[in-house]
Every structure is written in C-alpha cells, then in structure tokens.
Amino acid sequence: MNQDYIKPDGWSIIEEGFDQERVKSSESLFSIGNGAMGQRANFEENYSGETFQGSYIAGIYYPDKTKVGWWKNGYPEYFAKVLNAPNWIGIDFSVNGESFDLAKCTAVADFKRELNMKAGWYRRSFTATLANQSQIAVEVTRFLSLELDEVGVIQYNITALSGALSLKINSYVDAAVHNEDANWEERFWETLSSTKATDAVYVTARTFKTHFEATTFGATNVSNNGTAIDAKEISQESADKLGVVFETTVAQNTTLGITKFGGYTVSMNHENTLAAAQKAVEQARALGYDKLLQMQAEAWSKIWEMSDITIEGDVKAQQGIRFNIFQLNQTYLGKDSRLNIGPKGFTGEKYGGSTYWDTEAYCIPFYMATKDQEVARNLLTYRYNQLDRAIENAAKLGFNNGAALYPMVTMNGEECHNEWEITFEEIHRNGAIAFAIYNYYRYTGDYSYIPEKGLEVLIGIARFWKQRANFSTDKNKYVILGVTGPNEYENNVNNNWYTNYIAKWCMEYAAEQTERVAEEYPSDYSRIVAKVKLGSQEISEWREVGTNMYFPYSETYGVYLQQDGFLDKELVKVDKLDRSQRPINQKWSWDRILRSPYIKQADVLQGFYFFEDHFTTEELEKHFDFYEPFTVHESSLSPCVHSIQAAVLGKMEMAYTFYLRTSRLDLDDYNKEVEEGCHITSMAGTWMSIVEGFGGMRVKDNQLHFTPRIPKEWEGYSFKINFRHQILKVTVKHGETQFMVDGDKPLHVIVNGKAVEVIPNSLIAV
C-alpha cells in the first residue's frame, strides 16, 4: 500500500484531519454518482490549493484529436474524452470581507470527510480560522439523487464562532470548465444561453463537434438561523458563469443554512433542456432536502438488500468490498442501454471512453448476479447496437466480408484509443465480447438473446479471427502474429497464447451456435443468413482454423508460453526486484519493460480463468506457479484473477492477500495513482474474488456449484445471488456453509461435489 489514512469502518469511508497533500486523492475516493451523472469530491467553495476539478454526465463525450508523433493508416482520428461538465456545486463566500479558502486559512481543525455508503451521501465538516481572525464551523452534505437522477443536492451550513459575522454568498454555475487530459488545451463546451431567476440560475451549453446540449442549473435557498433570506442580486462574471448572491450578518453560535438543488438536463433525454431543468428544480423543491435525503437512503437500502456482501471479523476487508460495490452502483444501474461502465466511472478522466473489454470480462458477472438479468442483457445489447461500427473498424484495417473488430475503447462503437499497440494489436478484446454472450446464457438460461441478436455478433467476430490468423507452413498450424495480449508489458508479439486460445474458442462457439439456431430457430436463422450472407463452407473454415491453431508450449517447464520467445527473456522473478523500482511503469523506460519478463496482469492465467473447465486443477497449478512470480499486478484487473485461482488451489494466504489488494486498491493507493480516479471496472473483480474465489461459485450443467472456503482472518461472510429469478443467500463460516432461497420452489445446488436441495425460506446447513 502507498497510503493509510482512510479510517476502517464497515459502512463509511472516513478521513480525519486536513492535509493538502491528500486533497486530490480524497477527491477520487469520496466521489459520488447516480448512474446518470457523477462528480469528484471537490470543495464547493473556492480552493486555491492543488485540485482536480471534475463533474461528468453519462454518455456525453468529445472527440479530442489524437496527439501522436506520426500517423499510420487506420489510426483512430480522435481519443474520446469523458467530458468535465459545467460546474453546478459552486458556493463561494466571504467572511467579514475575506474570501474563504481552506488553503489560506491560518488554522483548520476537526476536519472530517465521510462517504456514507449505506445511505448514499457525502459529508465534510471542519472549523476554520481566517487570516482576519474570523472563526467559523462548516458542515456540508451532498448527494446525487437516485430517484431524481438529474438532481443533486447540497446542504451547506456555516456557523459563526467568533462573534457576529458578515457573510456574502455567491451560489453559481459555471460552464467555463476544462479537461485535465485535453490533448490540445481545447475548450470542449460553448455557452448558448444563461437564464436568471430570483434564486435560480440556468446555463445552457453545447459540446463542440458532438453537439450534446446540457442545461446546468442551480437553485438556492438560504436561511439565517431558520429565517429565509432573499437573494440580493444576480452575479454574472462572464457569459459562462452565473450566480445568485446573498448577504447577511450571522450572530455568534447561529447558523446560516444554504440548500442548493443543482444538476443537468441533457439533449439525449429532452428536446428542451431548459424547460426540463426548470421542471427538475420544481420537483426537487417540492420534495425538499429532508425528503430527498430520506428517499436516497431508501433507494440505497434496496440496492444493498441484494448486492451487499458481509464479512465478519475483518473491518478493512468489509470496508473494501462495500466501497467497490458502492462505486459500481454509483456508476451504472442498468436503466439505459445506451450507457456503459467506464474504467474511471465518474471519478476521473484517465483512459477516456466509456467502454472497454472490462465490461464483458469483469462487470457482467456482477450485474447478472446482483440485479435482474435484463441489466446484463442491456450491456450485451449495447454491443449489438454497435456491430456495424465494429465491422467498420475491421474494414479500416483491411478486413472484409462483415468481419467485426470491437474497439478497445469507445463511446459510440468507433475505435478511439490513441496507442497503436493497443488499437491495432490488443485484439483479444473481441473474444471477451463473445465470451460474455456465452456467459450470459450459461448463467441466466436465457438463450433467446443469441437468435435475436447475439449470433450476428458471434459471426462477425468469427469472421475477424478467421481472417486475422494465417497459415504457417513452418509450423503446419495457424498462427496469429503481431499482437498485444492482456499483458500490456508485451507489444507486437507472435502467438500470444491467450489470444490464440480465445480466437479458437470464438470460431468453434460461433459454429456451434449457428448450427443450433438453424435447428431450433429456423426463422431467425433464415433472417440472419440472408442478412450476413453466411454459407456452410465458411463455417467449416472457422472450424478448420480453430482445430489447427498453434499454441506455444515449453516441454522444459510443462506450460503454455505466454508468447513465442518468452523463454528468451532473463527470467528474474518479481521478489528479486528492488522495491525502489516499483511500480516499474513509473520507474522504468518502456524499452526496459518490454524486454523484461514482467507481467502487468493475468494473461495466460486469464485464459485459465475463462476456460477453467478446459484444464485440470493440476494444469492450473503448474501455470499459476510459473506465471504468478513474474506478475507485478500493475493493472487493476490483475489481483482479482490471481485471488480466485489461488483460492481454487487452496493457497488461502495468497488468495486473501490478493483479495485485500483488489478490494483496497484505491483506498490504499497500491499503484500510486488514485488521485487520477478510482478503478471502477476492476471493482467487479473484487466481488468475483469473494463469490467465485472464496465462495467457489460456478454454473455447470444449469446448476449452481459451490466449493466454499474461508480465510482464517474472517469469522464468516455472506452474499446473495439472483440465479434465474431465485434469490439465494450463502453464508460461509468455519466448518459450515448455510443456504437460504427466497420464493416458492426449491433450488438444487451442488456443494463440494454433493447435491443439496435448498427448501424455500428454510436454512440449510452443509
């Protein structure tokens, strides 16, 4: 770990004490969201210290022109930016004429932040002494409503401590924002209009190029010791920034209360965003702060009822898993199939794009098990709706006949990643799209998605792999050259084992599903064949390439090699590296990294995770023992896979260590980068570490299987899963596992290889 200031607590993230060095990290960790929008935990008032300002609206992006030293044919023309949206939280104030700024106060005491995950709110409190010796106490509560998902709420209370104080408040919205990661320092928003009301302001802005329109609003009520005061004036520093000003004198030990309703209405959802914003303000004011806060707690209670994981006897482990589950639900709730799960969610801008292969590989299992299956189906539909773009992406690289290459990074289906070794070479992402279709059917039993939509995706992917492989006369096998596997510390390699293996599987699975749909859904089959012009010869070619795929293998070590030439490296294990050299991605040149044996994240082991049933436990152990010592885990996606596999192998100390690393990756800032935002998509891997790792949950032959294990550090743990419309609660203790199912019919599960019937509403102990 690289930081240890978050206080252990089962339901809250807590920071005590004001340290300017921690501000940007805490802005990430205390971020809030509601699926439609989100924001970093920036201070509402002016702050002159180092800060990373960020508010974000789901689905809104900007195509920032790619910045590279040279251009290649097929290179993406832009890198999609998750846009920093206009700021609505602003509440600047002065005390006895001095502008309040925490960075300039002579003393700050009793500073505390709390992110209450159970009820879904963020609170900050402190006492401060200004340079003019005025003393105040401040308490601020903020949340983004789950029920009114265009509305956020701030309750900002200022108490006078050093006699009567003159306060001047400016509650504003500001569209003059910029992105931290802008390539060319461009401005991404243009202000169209600003509208003033007595105590509310509205700024309508539009993105350049993409022309998304958003009205940002802020409606403010102010009361002095419980008595409402009226706005004094409207402040307008520029066309972009519009505020409401209040002035009053607050007696000693009395409180000025500021309630602000703000947020966004966007053209994705409304023809008239200003009228929609005015309606949102009316709704919020009609309900009021207290009612909205109550509704927030009730909405989160429903989410936790299904998705919570309890851990007894280890508060840091408990805090970690709840933080991960909380952030996942803040980022995506499954309400809108146009949206997806970005790697930073609403906590930062790094990586750009809203969709990576992380969604299919890591997030879909979480959403399938903790929500209705329609949420996962929406995520699959998202990819189906972008199939035409995937075919266009492949065509740009020279592939034809409907071959589809899904993007590594995208907002609208078009590739928008700006690193050639990722854009051109990390093509294994195609396999994760196909695997998610298989995984969805395996878990839900809902086959209808495949004839309706999924088969077209599988065909496009199989066509890509068929064309991307070429026959090697030297090896008398099909090979795939010039790729980057999941281990991004290897670029432009030949025959990455994981890539070759998932390509083989995709072609064979597409062939199998084509034949099944032809037999069981003839009308869908006729429609699809006519649309994509598929013939039996082409299907035979997929099988031929898959059957004759080449896989690098070492007879000496008895393992599949990550890629050709892996054994040519100097095989120095990670434990021999000086700690001062870690993380290597921040200490070493890229040339040195590429020549090293070090693995950023599970690569061969990723294949063993996806296709566990294709290999024996002995084969898994041999590969785990070979590759884990070379893995530096400098990807957020790495520790969870290793935790699951260590648990399968009975290496519980290692499994527990990896679990803590994945669950507290951001809280403890393992990779020294949390100030850039949290690792949202990998948080689903934390859930998998418990449910699939320690719980040993698998779906085989349409039944749930469990092989429960428990770390010695825990007294017990429990989780729920929604399996085919039945809610199963699993509680694991030392020496016993308990099952309970909701509903009116029994559920048959396999526990440690033995069949168990779980009777509805009865506790079954095994």
Side-chain angles (χ1 to χ4, degrees), residues 33-38 58-59 117-120 144-147 149 295-310 321-342 345-346 354-355 358-384 435-449 453-454 640 680-692 695 697-699 704 718-730 740-743 747:
N34 64 4
M37 61 177 171
M117 299 180 289
K118 189 172 187 177
L144 301 182
S145 173
L146 293 182
E147 294 297 319
D149 64 9
M295 292 167 63
Q296 183 79 345
E298 291 169 353
W300 272 105
S301 178
K302 292 177 182 177
I303 291 172
W304 285 116
E305 175 62 26
M306 186 61 226
S307 65
D308 189 25
I309 291 180
T310 67
I321 185 60
R322 283 192 175 133
F323 179 68
N324 285 247
I325 293 170
F326 181 72
Q327 290 290 1
L328 283 163
N329 279 289
Q330 287 200 125
T331 303
Y332 184 80
L333 290 166
K335 296 179 180 179
D336 190 338
S337 63
R338 297 171 299 175
L339 304 179
N340 211 284
I341 308 149
F346 298 121
S354 69
T355 315
D358 308 18
T359 292
E360 284 74 24
Y362 296 87
C363 297
I364 279 182
F366 168 80
Y367 287 101
M368 282 194 299
T370 64
K371 299 189 184 300
D372 186 87
Q373 68 185 44
E374 285 302 312
V375 173
R377 189 173 173 128
N378 276 347
L379 290 170
L380 297 182
T381 299
Y382 179 92
R383 294 292 194 178
Y384 172 77
F435 186 83
I437 295 171
Y438 158 77
N439 205 16
Y440 172 80
Y441 168 57
R442 175 175 64 174
Y443 187 86
T444 67
D446 173 22
Y447 191 76
S448 67
Y449 177 78
K453 296 182 175 73
C640 61
I680 301 301
T681 48
S682 71
M683 291 177 172
T686 303
W687 179 89
M688 287 166 20
S689 295
I690 293 181
V691 175
E692 298 182 7
M697 188 199 81
R698 303 291 188 274
V699 180
L704 285 172
S718 69
F719 57 87
K720 287 183 179 179
I721 54 173
N722 183 352
F723 181 69
R724 303 188 180 184
H725 308 295
Q726 287 185 276
I727 309 299
L728 178 69
K729 182 176 182 180
V730 181
M740 180 176 285
V741 65
D742 292 342
L747 181 65

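Numbering of residues begins at 1 and proceeds along the displayed sequence.
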Residue pair [X] / [Y], side-chain heavy-atom distance below 4.5 Å:
{"X": "E147", "Y": "Q296", "result": "no"}
{"X": "S718", "Y": "K729", "result": "yes"}
{"X": "N722", "Y": "K371", "result": "no"}
{"X": "D149", "Y": "L333", "result": "no"}
{"X": "N34", "Y": "F346", "result": "no"}
{"X": "L328", "Y": "Y367", "result": "yes"}
{"X": "K453", "Y": "L380", "result": "no"}

When rounded to the nearest 0.5 angstrom, what is the spacing between [atom1] in [X] and [atom2] in [Y]?
{"X": "N324", "Y": "N329", "atom1": "CG", "atom2": "CG", "answer": "11.5 Å"}
{"X": "M740", "Y": "L728", "atom1": "CE", "atom2": "CG", "answer": "10.5 Å"}
{"X": "T444", "Y": "F723", "atom1": "OG1", "atom2": "CZ", "answer": "9.0 Å"}
{"X": "M688", "Y": "M697", "atom1": "CE", "atom2": "CE", "answer": "10.0 Å"}

Task: Nearest heavy atoms of I341 and C363, plus distance in Å - done: CD1-CB, 3.8 Å
Task: side-chain hydrogen bond (donor to acceptor under 3.5 Å, both in side chains) against N340, all qualifying residues, sequence neighbours excluded - done: T359
Open item on the list: So, using side-chain hydrogen bond (donor to acceptor under 3.5 Å, both in side chains) as the criterion, who are the partners of Y443 when residues are at least two apart?
Closed with: none
Task: For R383, salt bridge (Lys or Arg N to Asp or Glu O under 4.0 Å) partners two or more places apart - done: E360
- [ ] Determine the interplanar angle of the F326 and W304 rings, folded into 0 to 90°, and report it as parallel if under 30°, tilted if 30 to 60°, perpendicular if over 60°.
- [x] parallel
